[in-house]
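Hydrogens, waters and symmetry mates are skipped; everything else that's a heavy atom, side chains included, is used. Protein chains get the first letters and strands the later ones, always in sequence-line order, with residue 1 at the start of each.
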Amino acid sequence: MNLPLDPTGEPSPAERSLPRRAQLTGAALSAVQERILAPLNEAQRRAVTTTAGPLLVLAGAGSGKTRVITHRIAWLIQHEGVAPWKILAVTFTNKAAAEMRDRLHEMIGEAARDVAMGTFHSLCARMLRRDGEAIGLPKGFTIYDADDQARVIKGFLKEDDLPATGETKPSLILGAISRAKNDGLNADQMEDRAITHHERLVARFARRYAAELKRLDAVDFDDLLLEGLRLLQEAPAVADRYRAKWEYLHVDEYQDTNRIQYNWVRELAAKHGNLCVVGDDDQSIYSWRGADIRNILDFERDWPTAEVVPKKKLWTELEGGDQITVYGAFDPEDEAAWIVRRIEEASAVVTGRRADAPEPVSLNGIAILYRTNAQSRAIEEALLRSSIPYQLIGGTRFYQRREVKDALAWLRVLRSDTDRISYERILNVPPRGIGDKTIELLRAAAAPSVSAPDGTPYGHVIAAAGRGEVAGVNTRARNSLAGIADVISRLRDRIAAVTLPELLDGVYSESGLRAHLASEGVEGEERWANLLELRGISGRFMELAPLDALDRFVEETALVADQDAFDGDAERVTLITLHAAKGLEWPTVFISGLTEGLFPHSRALMDQEQMEEERRLCYVGITRAKRRLSLSYALRRGWGDGDGAPSRFLAEIPEELLVVANDDDPRADGETRFGRGFRSARAGFAGGESWREGSGTPGAPSGAFRPGRDLEARRRAYSAGARSGSLRVPDTDGIDEAPDDDEYIGEAPELIQPVGRIPPWAATGRGAAGAPPQTAGAPLPPPLRPRTVAPARARIPGERYFRDGDRVLHPSFGEGIVVTSKLTRHDEEVTIAFAGSGVKTLAASIANLEVQG
DNA sequence: CACCTAGTACTTTTT
DNA sequence: GTACTAGGTG
């Protein structure tokens, strides 16, 4: 319950904590000042106390930018006497908002609850839920995630009999549509600008997609922002209300806002201009999803009176810390083993620590960062082997797991007749005889026709089909549909009378999900546990009226971010992508996979701007470390795409800051400055005398680990602990009450993801680390995809013909750059980043490759 | 017509 | 791992 108006006339907690300006005489004033300003440096103080008008805070990593916002809000409330509900703070994740609120709560108490905070997406969703009808958006709209979006597109592809691969791959089409939307283009404008065949194709899909989402009462993530902006632009009365409501605006991570978000903020600030944005252009890493660095560069132009708190020195901060350790590994397993060994040495995990060893570090002070989610695999295995607990952020996200989405689809269906995608999701789970053919008939029946120009709501079609009113549906499917329609109507009758967890109980049992999972063995148990987890999380909404609880739960679950799962207090090592690590810090950080083609990623090799973004990403990663930083790379990368050179980013770090961990390694040949070089790698790989044989990884305890059984047992022990540990009682439960009778968007309940989940592949032992399949002599060549027949080229036996960085021309893939190449027994496998067709590995003797002068 | 199994191809980053 | 497909079976 959030700030109920007290019938006795006592001041509300918010009112109590509000100092009156008039009361702030000498001593009181300085006490407030002291508490808020004392921990801040000069620049921060200036930012905090500059409260009127536009303010741009540009500062480097670790300089306390978020802190500036928190203290500024405290200052506004306690020193300037601004009502907390007049203040808005936009953060990058829900987690960041929750943390900011926690810190604010410590500083100023209960008033912290009334400050509006959230992500752009969640704030827009809340505003649209309340006021969207002013621009024609139905109240009960559903938020579609990437998976839902793809299902919509796949429906089109099926209608058109097009493949879901190649240039009509749903993710590709959706990416293009999203980019156009973020550029402010609608389908018509896309069509006008389309030049290539593919662009016209995408434009047509964009039109259909927009129409279909409208028909389904659904919005995607981009729409949330676009409609949120449209609300402010096209509903003046509503816009004025919000402008009057929020007199002081704050935006964190401003460098990652896109054009739409910027315009949204500008609309809100139009009246009073009290806009404080905080960012660091060196940490701009989201241009691929529309973030526009011009938002920073243009700020002063758009707000001529803006105060700017200047950027501070950055790199010198590194000098105070320890030197950076670099390790050149042979392959990802070796790399992971080295990281784990260092963690064991530094933490108390390893027994028999030397007496003179430094104070053991705690596991929650350690993070392992990587460029792509797939890279977590090798590291997880190594951690599991050493029984080091970890939390994996991202990867297969909880709310995207199949069974969780199934359960959520049921909830969506209960509150929508039109949400076809969710209906189709639940129709045949568990299998009940409703297949492709039946779905096709249902879609046809729902489609617009002469008698129903807007189409028929899918929910109605299902009920009709259950009554035998849709021709062609076979008996079994018909009975199932009748059963589903019946369950839906019964559950709907119950919504208003039961709590959300109880409603989910009904869904689980009456949908057959529960019985289905019970018959599915170990995997079913795992999935069932996830459904119980979901049920537990839904309990956070019990304070709300049941119908509101359902709406809010469905909405919030659609908007959780990866980072929201991060638990900084858990005694676990954190595994996280470089992107998701932004805004977080640890005393000890490992950045793994610093291999050309991985980081920087191969897709960035062709493009100067993308390469710069990779470099900034590296900067973000490096600056996550408060005290100790270790960098590592593996010469052999996974996926059979050849060897990789040490990342160029390693070479860009001043030599004197680095300590090479394997300098004295007898296997290192000194060919590269980072120890293990190409020649030794190649010899070890192809020559059969690999140090890898037998013992696995040098220096690691050998023979103690049996991949299959051990992993299984440990996985069980872990997942149990991880689950119970992940459920936190919400700090507060206030949701939506206005402190006065003003309409109000305030605190959202915090949704927590399970942490430390052990991925299924670790459980089976199939993917577990161990010696790779050994073949005599050369390793198995990766599959050669393209088969361009061409005469063999002259080459010197035993020597690579293609050099990294060579520009090459391929008859069908066009121009590309050699990422790396590897000698096999009779050939050379060249990995090339092509401008248009991505990265391919080709056999030099077969592919007709021309080296460009 | 639906369902199951096995085989194949795919993996940048995410609200 | 996931998603999709093809082909055989009930």
Lys95(A) NZ to dT14(B) P, in whole Å, measures 17 Å
At 4.0 Å (heavy atoms only), tell me whether Asp222(A) reaches a base, stays on the sugar-phosphate, or touches nothing. nothing
Lys154(A) has a side chain; which of dT15(B), dT13(B), dC4(C) sits nearest to it? dC4(C)
Does one side chain, of Tyr209(A) or Asp220(A), offer a donor that lies under 3.5 Å from an acceptor on the other? yes
How is Tyr286(A) classified with respect to the nucleic acid when contacts are heavy atoms under 4.0 Å: base, sugar-phosphate, or nothing? sugar-phosphate
Of dA2(B), dC4(B), dT14(B), the nucleotide closest to the side chain of Asn474(A) is dA2(B)
Give a yes/no on whether any side-chain N or O of Thr438(A) is located under 4.0 angstrom from OP1 or OP2 of dA2(B). yes
If stacking means aromatic ring centre less than 5.5 angstrom from the base's six-membered ring centre, planes under 30°, is His601(A) stacked on dT12(B)? yes
Give the rounded distance in Å between these two atoms: CZ of Arg476(A) and P of dG10(C). 15 Å
Hey, is the side chain of Asn428(A) poking within less than 4.0 Å of OP1 or OP2 on dA2(B), counting only N and O atoms? no
Verify stack between Trp288(A) ring and dT13(B) base, 5.5 Å, 30 degrees: yes
What residues form a side-chain contact (heavy atoms from CB on, under 4.5 Å) with Val429(A), not counting sequence neighbours? Asp406(A), Leu513(A)
Check whether any side-chain N or O of Thr577(A) sits under 4.0 Å from OP1 or OP2 of dT14(B), and answer yes or no. yes
dA2(B), dT15(B), dT14(B): which one has an atom nearest the side-chain heavy atoms of Lys437(A)? dA2(B)
Rounded to whole angstrom units, what separation is found between the NE2 atom of His516(A) and the P atom of dC4(B)? 8 Å
Aromatic centroids of Phe92(A) and Tyr286(A) separated by under 6.0 Å: yes
Examine dT14(B): is either OP1 or OP2 under 4.0 Å from a nitrogen or oxygen in the side chain of Asn373(A)? Give yes or no. yes
Partners of Ser287(A) by side-chain contact (heavy atoms from CB on, under 4.5 Å), sequence neighbours excluded? Glu613(A)
Gap between atoms CG and C1', on Asp607(A) and dT13(B) respectively (whole Å): 15 Å
Is there a donor in the side chain of Glu612(A) and an acceptor in the side chain of Gln610(A), or the other way round, less than 3.5 Å apart? no
With nearest nucleotides of DNA chain B determined for Ile439(A) and Glu614(A) from heavy-atom distances, which residue corresponds to the more 5′ nucleotide? Ile439(A)
Have a look at Arg151(A) and say if it touches a base, only the backbone sugar-phosphate, or nothing, with a 4.0 Å heavy-atom cut-off. nothing
So, does Arg371(A) get its side chain near the phosphate of dT13(B), meaning an N or O under 4.0 Å from OP1 or OP2? no
